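Notes follow once the structure below has been shown.
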Number of protein chains: 2
Amino acid sequence: MAQRNILQFIILGLIHERPLTGYDLTKAFDNDIGEFWSAKHSQIYPQLKTLEAKALLTHTDEVTGEKLTRKRYTITETGQALLNQWLRAPTPESHNGKDEFVLKLYFIQQQNDPRLRPMLIEQLMLHEQRLNHLTQQLTTKFPTGANATDFGHFLILTHAVRRERDYTVWLQDALHQL
Amino acid sequence: MAQRNILQFIILGLIHERPLTGYDLTKAFDNDIGEFWSAKHSQIYPQLKTLEAKALLTHTDEVTGEKLTRKRYTITETGQALLNQWLRAPTPESHNGKDEFVLKLYFIQQQNDPRLRPMLIEQLMLHEQRLNHLTQQLTTKFPTGANATDFGHFLILTHAVRRERDYTVWLQDALHQL
DNA sequence: TCCGGCATGTAAACAGTTACATGATTAG
DNA sequence: CTAATCATGTAACTGTTTACATGCCGGA
């Protein structure tokens with residue numbers, strides 16, 4: 001999935017909100033943002049170096065306790081410019097949606113295949129679980145609906161919720177048709 | 001996106017239905033299967049070699065016209081066994097869903113940001129277009145609803161349609177909230 | 001004291017895209 | 001004849017994951 005290094009923009013975007021460490025960035029992908037992109041620390045740390053070399057970020061060393069140091073990165077003006085450029089640019093439609101499970105279904109052609117029902121049920125449980133988790137997130141973070149300030153966050157969460165809800169409905173429909 | 005070489009299973013799955021050439025396989029990703037996975041010929045041809053080296057496939061040469069030869073691949077018993085093993089195995093839930101557009105929204109926090117509306121409208125048009133195309137596919141390929149034989153194909157298509165419909169509804173909701 | 005979380009990095013392997021490269025066949 | 005499609009391959013590069021590697025800090 002070689003693209004135009006989307007990761008760099010995500011890093012810039014996150015740091016734009018407030019200065020962050022590599023560790024903070026790594027954690028960010030465990031939360032809602034992880035619903036729509038993922039990255040490991042082994043990809044993040046080198047990328048931070050590259051971005052600093054390009055003067056899109058700068059860092060200052062911080063010390064916790066006696067010895068442990070961390071690097072807190074701040075976005076530069078050039079970095080902000082690049083971020084805005086990315087946001088402004090038209091977004092190519094992502095028909096990436098790689099979904100291993102759906103592919104498996106595709107190869108099981110017979111409606112009466114005995115493997116079908118347990119497979120659908122297994123996925124249904126997984127997605128219902130995820131749906132519950134996301135719904136809970138949404139109601140705790142946005143109990144009164146959309147905020148004016150965290151609107152992007154709100155949109156991303158509602159999208160994730162919708163997506164999972166839709167997935168479960170589709171699975172249930174499929175089960176009913178067996 | 002290094003995974004456990006899903007591509008090999010897709011190739012095996014497609015060839016399992018009937019013998020195919022590398023070119024046929026490449027084409028397959030332009031159709032509905034392309035909604036849930038993609039691959040270029042530059043990835044497919046080497047993979048076919050590898051699979052043949054592992055005795056999961058065999059090929060016979062065919063000649064069209066005077067000179068042009070193509071390799072038609074057939075799945076072996078070992079290949080079928082591996083395919084079935086994959087189908088049987090539990091599928092890890094795919095929270096891959098990399099979506100560049102949703103990320104952009106996330107970084108635009110202000111509900112009144114003037115960039116928001118045009119961005120949403122642009123995506124809405126793209127996804128509506130795609131939705132129309134998919135709906136048409138569904139009604140032409142399955143005018144009477146699900147078939148007993150092409151059930152997997154039916155499921156994949158309904159899923160793609162749902163996904164796009166859901167996406168457009170979400171975009172419209174977002175627009176109404178501006 | 002020990003364990004989980006904080007914190008940062010590198011290396012090797014694999015997956016995927018883009019570009020390079022060549023040639024045959026068919027339909028208009 | 002000529003353009004689109006058929007047909008197959010390789011090379012270079014980029015992106016992503018897994019594994020290796022190290023050490024500090026705070027709380028139980």
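Here is the naming used below: chain letters follow the sequence lines, and residue numbers restart at 1 for every chain. Treat the numbers as computed from the prediction; the structure is a model and nothing was measured.
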Between [X] and [Y] (judged by ring centroids, cut-off 6.0 Å), do the two rings come close enough to count as a pair?
| X | Y | answer |
| --- | --- | --- |
| F36(B) | H159(B) | yes |
| F107(A) | H16(B) | no |
| H41(A) | Y23(A) | no |

Can any side-chain N or O of [X] pair as donor or acceptor with the backbone N or O of [Y] at less than 3.5 Å?
| X | Y | value |
| --- | --- | --- |
| T21(B) | K71(B) | no |
| D99(A) | F101(A) | yes |
| K104(A) | A89(B) | yes |

Below 30° counts as parallel, above 60° as perpendicular, anything between as tilted: where do the rings of H127(A) and Y167(A) land? parallel

Salt bridge (Lys or Arg N to Asp or Glu O under 4.0 Å) with R70(A): which residues, sequence neighbours excluded? E62(A)

Has [X] got a side-chain N or O lying under 4.0 Å from the OP1 or OP2 atom of [N]?
| X | N | result |
| --- | --- | --- |
| K27(B) | dC6(D) | yes |
| K40(B) | dA15(C) | no |
| K98(A) | dA15(C) | no |

Both G22(A) and Q47(B) contact DNA chain C. Taking the nearest nucleotide for each, which residue is further toward the 5' end? G22(A)

DNA chain C: 5'-proximal contact among R70(A) and P46(A) (nearest heavy atom): R70(A)

Whole-Å gap separating [atom2] ([N]) and [atom1] ([X]):
| X | N | atom1 | atom2 | result |
| --- | --- | --- | --- | --- |
| Y23(A) | dT22(D) | OH | P | 20 Å |
| L25(A) | dC6(C) | CG | P | 14 Å |
| R4(B) | dA13(C) | CZ | C1' | 16 Å |
| I44(A) | dT17(D) | CD1 | P | 10 Å |
| D24(B) | dC6(D) | CG | P | 9 Å |
| D61(B) | dA7(D) | CG | P | 13 Å |
| R72(A) | dC6(C) | CZ | P | 13 Å |
| L48(A) | dT10(C) | CG | P | 11 Å |

Can you tell me which nucleotide in [options] comes closest to the side chain of [X]?
| X | options | value |
| --- | --- | --- |
| W37(A) | dT16(D), dT5(D), dA11(D) | dT16(D) |
| K49(A) | dT10(C), dG5(C), dT17(C) | dT10(C) |
| N5(A) | dG15(D), dG9(D), dT17(D) | dG15(D) |
| Y45(A) | dG9(C), dA7(D), dT17(D) | dG9(C) |
| Q43(A) | dT17(D), dG9(D), dA19(C) | dT17(D) |

Kindly indicate whether the side chain of T91(A), heavy atoms from C-beta on, has any atom under 4.5 Å from the side chain of W86(A). no

Using rotation axes that map the C1' atoms of four end pairs onto the next four (five pairs an end), what angle separates the end axes of the helix from dT1(C)-dA28(D) to dG28(C)-dC1(D), to 10°? 30°

hbond_proxy S42(B) side chain to dT18(C) base (donor-acceptor, 3.5 Å cutoff): yes

Side chain of T69(A), base of dT8(C): donor and acceptor closer than 3.5 Å? no

With a 4.0 Å cut-off on N to O distance, would you call R4(A) and E100(B) a salt bridge? yes

Short N/O separations, protein against nucleotides 21-25 of chain C, under 3.5 angstrom:
unit_1: dA24(C); atom_1: O3'; unit_2: L68(B); atom_2: N; d: 3.3
unit_1: dT25(C); atom_1: OP1; unit_2: T64(B); atom_2: O; d: 3.2
unit_1: dT25(C); atom_1: OP1; unit_2: E66(B); atom_2: N; d: 2.6
unit_1: dT25(C); atom_1: OP1; unit_2: K67(B); atom_2: N; d: 2.5
unit_1: dT25(C); atom_1: OP1; unit_2: L68(B); atom_2: N; d: 3.2

